[in-house]
Amino acid sequence: MNNANIAILCHATAGGSGVVATELGVELAQRDHEVHFVSTAQPFRLSALDCCTNVFFHQVGRYEYPLFEQALTTINTANTLSEVIQEHDIQITHAHYAIPYATSALMAQDITQRTRVVTTLHGTDVTLIGLDPAFRHSTRHAIVRSDRVTAVSQYLANHTKDIFNVDVPIDVIYNFVDVHRFQRNTDAKYRARFAHPDEKIILHLSNFRGIKRTLDVIELFARVQTEVPSRLLMVGDGPDRSRAFELAQKLGVIGRVHFLGSYPSVETIMGIADVFLLPSSQESFGLVALEAMSCGVPVVSSNIGGIPEVNIQGETGFLCDVGDIDGMADATLNLLQDEQLHAAFSARARARAVEHFQPHHIVPQYLRVYEGLLNE
Ligand code: GMT
């Protein structure tokens with residue numbers, strides 16, 4: 001594809017959709033496209049501004065006026081994006097997460113009469129918030145009117161068509177991972193910081209929202225640690241953090257659970273773990289599971305949404321029903337108590353990430369979507 005000028009809209013806060021959007025933008029810039037991020041704040045993983053001359057960030061301002069009781073982010077984004085489209089001759093606008101960015105992108109397209117809009121659906125923009133009566137019609141409109149729609153798993157593509165009763169084509173383009181960055185961390189000082197040599201390390205990383213079921217993580221760890229000396233690292237922050245902390249206290253395991261907050265270089269922590277836990281009640285893909293697998297960490301997860309397209313039952317990890325704490329505890333113990341089994345799962349997890357989910361497998365799929373639009 002010839003070099004293009006591409007605008008990327010994404011949520012700046014820590015979250016998988018922002019990570020995917022940011023890393024896609026950097027990959028595009030490395031392939032000589034000009035990339036303009038438009039968001040309310042600089043996306044949290046965007047360090048490329050320091051190293052690439054063809055990555056730009058345009059902040060969406062917040063306009064305060066006594067008459068407005070709430071921020072009008074959708075309109076402000078459309079306005080900023082319209083300027084960016086005109087000033088930088090943006091040919092492709094790629095909205096990550098339908099709400100509000102696909103709507104803002106379509107508005108800017110209408111204002112400028114330029115640019116093609118690609119919307120990538122990430123998960124709760126369809127399965128949770130997008131379905132709420134507060135957003136249902138505008139989300140459906142964004143899906144139907146975007147020039148192309150992609151989803152991060154087959155599950156999400158199918159589910160979107162069902163629940164919104166739409167028959168637009170939805171391309172499935174999986175998330176990707178930098179396998180050089182996310183790999184085993186053999187530097188002993190990291191393990192020594194959290195665990196004694198005879199202890200195993202179990203990891204959970206999320207934004208601690210209800211759908212992540214962080215309390216299940218604590219409960220199942222409480223069972224695991226009675227049989228295998230181990231530590232639990234809880235990385236991230238969010239609404240359920242205090243409840244998880246209180247449950248760990250109540251179950252008498254608080255001394256073995258480390259709440260690390262939003263740890264900046266997650267790969268160093270992921271790379272020392274023995275098992276990664278993802279018991280979510282909804283997950284359209286599970287980028288964190290893929291990152292863990294890339295580090296050679298077997299994943300014990302729920303069997304929900306798009307997770308089975310990433311974590312393969314009995315090969316890279318184990319999948320249990322949502323809320324099956326006993327099943328997940330047994331699966332974790334299986335892995336921790338059998339070194340040979342663990343080594344085999346670890347190797348297969350890493351191999352799956354390396355063989356199927358690297359940027360060079362995935363980014364060309366986005367480029368084909370862009371190219372198709374530019375050639376129309
Ligand atoms: O939908 C969300 O919960 C937010 C979103 C995010 O920004 O973290 O996560 C979704 O997008 C990720 C990247 O594509 C996926 O890996 C996550 O599975 C997905 N989350 C859910 O579906 C709950």
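Atoms within each ligand, like the ligands themselves, are counted from 1 in listed order.
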- Task: Number the atoms of ligand 1 from 1 as they appear, then name those within less than 4.0 Å of a heavy atom of V152, with their elements.
- Result: 14 (O)
- Message: Can you classify the ring geometry of F208 versus F259 as parallel (below 30°), tilted (30 to 60°) or perpendicular (above 60°)?
- Response: tilted
- Below 4.0 Å from any atom of ligand 1, is there a heavy atom belonging to R209? yes
- Task: Could you tell me which atoms of ligand 1, counted from 1 in the order shown, lie closer than 4.0 angstrom to a heavy atom of G123?
- Result: 1 (O), 22 (O)
- Message: Can you confirm, on distance only, whether ligand 1 has an N/O atom lying under 3.5 Å from any N/O atom belonging to I211?
- Response: no
I'd like a table of donor-acceptor pairs (distance under 3.5 Å, sequence neighbours excluded) in which one partner is a side-chain atom from residues 73-83, with atom names and distances.
from : atom 1 : to  : atom 2 : distance (Å)
T77  : OG1    : T73 : O      : 2.7
T80  : OG1    : N76 : O      : 3.1
S82  : OG     : A78 : O      : 2.7

- Query: Purely on distance, is any nitrogen or oxygen of Q282 under 3.5 Å from one on ligand 1?
  - Reply: no
- Task: Verify the distance criterion only: is there a donor paired with an acceptor across the side chains of H141 and T139 at less than 3.5 Å?
- Result: no
- Quick one: sort the H96 and H122 rings into parallel, tilted or perpendicular, breaks at 30° and 60°. tilted
- Query: Are H33 and Y370 near enough that their ring centres are under 6.0 Å apart?
  - Reply: no
- Message: For the 3.5 Å polar cut-off, considering only N or O atoms, please tell me whether F285 and ligand 1 meet it.
- Response: yes
- Message: Closer than 4.0 Å to some heavy atom of G286 - which atoms of ligand 1 meet that?
- Response: 15 (C), 16 (O), 17 (C), 18 (O)
- Measure from NZ or CZ of R348 to the centre of the six-membered ring of F345, then state whether that distance is under 6.0 Å and the direction lies within 45° of the axis. yes
- Query: Which atoms of ligand 1 are found less than 4.0 Å from any heavy atom of L287?
  - Reply: 16 (O)
- Do Y155 and F285 have their ring centres less than 6.0 Å from each other? no
- Residue pairs passing the salt bridge (charged side-chain N to carboxylate O under 4.0 Å, His left out) test where at least one lies in residues 238-250, sequence neighbours excluded: D237-R241, D240-R243
- Task: Please say whether S284 places an N or O atom under 3.5 Å from an N or O atom belonging to ligand 1.
- Result: yes
- Message: I need the contact type for L128 against ligand 1. Using non-hydrogen atoms and a strict under-4.0 Å cut-off, is it side chain, backbone, both or neither?
- Response: neither
- Heavy-atom distance to atom 18 (O) of ligand 1: which of E283, H11, K212, H122 wins? E283
